[in-house]
Amino acid sequence: MASDFVYSQPVKIYFGEGKFSHLGEILNELGSKRCVIACGKHFSPEAEMLRGELDCIVGVFGGVEQNPQLSGIEETVRLCRDLDADTVIGIGGGSSLDTAKFAAAVTLGTGEPIEYYRGLRPFPDKRLTIVAVPTTAGTGSEVTQVSVVSHGTEKKTINNPVFMPRAAIVDPVLSSTVPPRTTMNTGLDALAHALEGYWSRNHQPISDLMAIEAVRIILGNLEEAYRNGSDRWARSNMAYAALLGGLSFALPKTAASHACSYPLSEDYHLPHGEACAFTLDSLVRINADERLEYLCRAVGLKDTEELAQRIAALKALGGLRTRLSDLGEVDLDKLCRDCAAHPLMNNNPVKMDESALRRMFEALR
Ligand code: NAD
């Protein structure tokens, strides 16, 4: 008998090569007349050009950094308030999308962004329209109600329906310029989303289907996208798989590898995807069970051990850090404590307390 579930996915998704060229029409359809773009350095010259071309784009914040800081959100909110914006368009990797999502959620409030970040005020009832345009194939932020924001060294995941985009434009062409190392980091982030959505304690049937398909496509295309960034086929498949990865964890949420990624990013400065990948193959072995064996067979692998080995091989190919010794001086007590305390850890199918985490990290010395 099929298990009970409640499934919803409110984002209108425009997927395909060249879809970004329809931005003006899509904004028109949404009724967006005064839009601010939030993006990083790689896209800011193009964003300025768009401002010249489309009357409805009234401002650009082009200073989003990796692991985006609250200060970038504060600048975006100031711009939106000054320009009386009705829409924020995040264009870039997850950092730009999350900046846009947070800024759109708080612009119409009377408080400062830090008050919402600290949970001192509820999010305002009214918010700006959010349009998400991913240029990496990784986070799936275009279809989640999550915004990940850093303030100093603290990195916080805030989960709230106010962050849900109205529309996502997923145009694989935009990812053709992502450098190889970022291609690998972000591709492994997408793989972590799919696997963690699948083995999450809150997994559910529709999400499971998308997770399995995402894993299959990533294992078949990430290596080629890394080796040959101009391969349109591989880029397109990775963009689709990252979208599916986002959809597959949006409701079930992620688990232990994402929980561990926060201390690894905060204290050892690993980019998000690399931080997730650091423990992913270990967790495939730890979480191995009948369901995971089923996924492995469904994507054409022999067993979970082969999946763990494929992940390790991708990490080695991308030159990612894989051992504690690659991280410099590690405070293992603090690392285990912080990982164990992260709320996403409760979502892991196998209980990972401090001593289980210590065993996992000891094996990575
Ligand atoms: P990113 O947004 O930090 O971008 C990585 C780098 O790649 C940046 O320097 C960026 O400028 C550059 N870049 C992006 N697109 C490019 C392109 N097309 N060509 C050349 N360079 C390009 O990286 P990311 O991995 O996409 O996002 C990571 C962030 O997203 C983290 O903060 C992470 O915690 C967050 N995240 C959010 C969610 C969510 O659901 N909201 C999910 C997973 C991760």
Side-chain angles (χ1 to χ4, degrees), residues 11 20 38-47 62-70 72-73 90-102 104-105 130 132-151 154-165 168 170-194 196-197 225 229-230 235 238-239 242-243 245-254 257-266 269-277 318 320 342 344:
V11 185
F20 185 61
C39 63
K41 269 207 296 276
H42 98 273
F43 198 81
S44 61
E46 214 170 314
V64 177
E65 294 166 3
Q66 295 194 45
N67 290 319
Q69 285 287 326
L70 186 65
I73 290 169
I91 308 179
S95 300
S96 298
L97 271 47
D98 289 358
T99 297
K101 287 159 76 171
F102 200 104
I130 301 167
V133 185
T135 64
T136 59
T139 69
S141 174
E142 65 275 14
V143 287
T144 73
Q145 59 169 38
V146 173
S147 177
V148 187
V149 181
S150 294
H151 183 45
E154 179 189 55
K155 184 174 173 181
K156 205 165 161 180
T157 296
I158 309 173
N159 205 310
N160 196 300
V162 295
F163 298 135
M164 201 53 109
V170 186
D171 183 339
V173 175
L174 296 175
S175 65
S176 61
T177 48
V178 179
R181 178 84 181 241
T182 307
T183 298
M184 185 57 76
N185 288 343
T186 51
L188 288 172
D189 184 25
L191 183 60
H193 292 151
E196 296 216 289
S230 56
R235 289 293 195 190
M238 283 305 300
L243 173 68
L247 291 167
S248 64
F249 87 92
L251 295 177
K253 312 279 182 296
T254 52
S257 94
H258 270 75
C260 293
S261 80
Y262 285 81
L264 289 168
S265 285
E266 284 171 353
H269 312 296
L270 298 189
H272 177 73
E274 186 172 6
C276 293
L320 272 56
H342 197 281
L344 286 173

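Residues take their numbers from the sequence shown, with the count starting at 1. We count ligands from 1, going down the list as the structure has it; atoms in each ligand are counted the same way.
The closest approach between a heavy atom of Phe249 and any atom of ligand 1 is below 4.0 Å. At least one heavy atom of His193 lies less than 4.0 angstrom from ligand 1. Residue contacts with ligand 1 do not include Gly138, since none of its heavy atoms lies under 4.0 Å from the ligand. In this structure, Gly40 has no heavy atom closer than 4.0 Å to ligand 1. Using a 4.0 Å heavy-atom cutoff, Glu65 is absent from the residues neighbouring ligand 1.
Scanning Thr136, Val143, Asn67, Val148 for the heavy atom closest to atom 14 (C) of ligand 1 points to Thr136. Nearest-heavy-atom check against atom 27 (O) of ligand 1 across Pro134, Ser265, Gly94 picks out Gly94.
With sequence neighbours left out, Glu65 forms a side-chain hydrogen bond (donor to acceptor under 3.5 Å, both in side chains) with no residue at all.
Here the protein heavy atom with the shortest distance to atom 33 (C) of ligand 1 is His272 CG, 3.4 Å. Looking at atom 12 (C) of ligand 1, its nearest protein heavy atom turns out to be His42 ND1, 4.3 Å.
Close contacts of ligand 1 with Asp189, meaning ligand atoms under 4.0 Å from a residue heavy atom, involve 43 (C), 44 (C). If you number the atoms of ligand 1 from 1 as listed, the ones under 4.0 Å from a heavy atom of Thr144 come out as 39 (C), 40 (O), 41 (N). Within the listing of ligand 1, atoms 32 (O) sit less than 4.0 angstrom from a heavy atom of Pro68.
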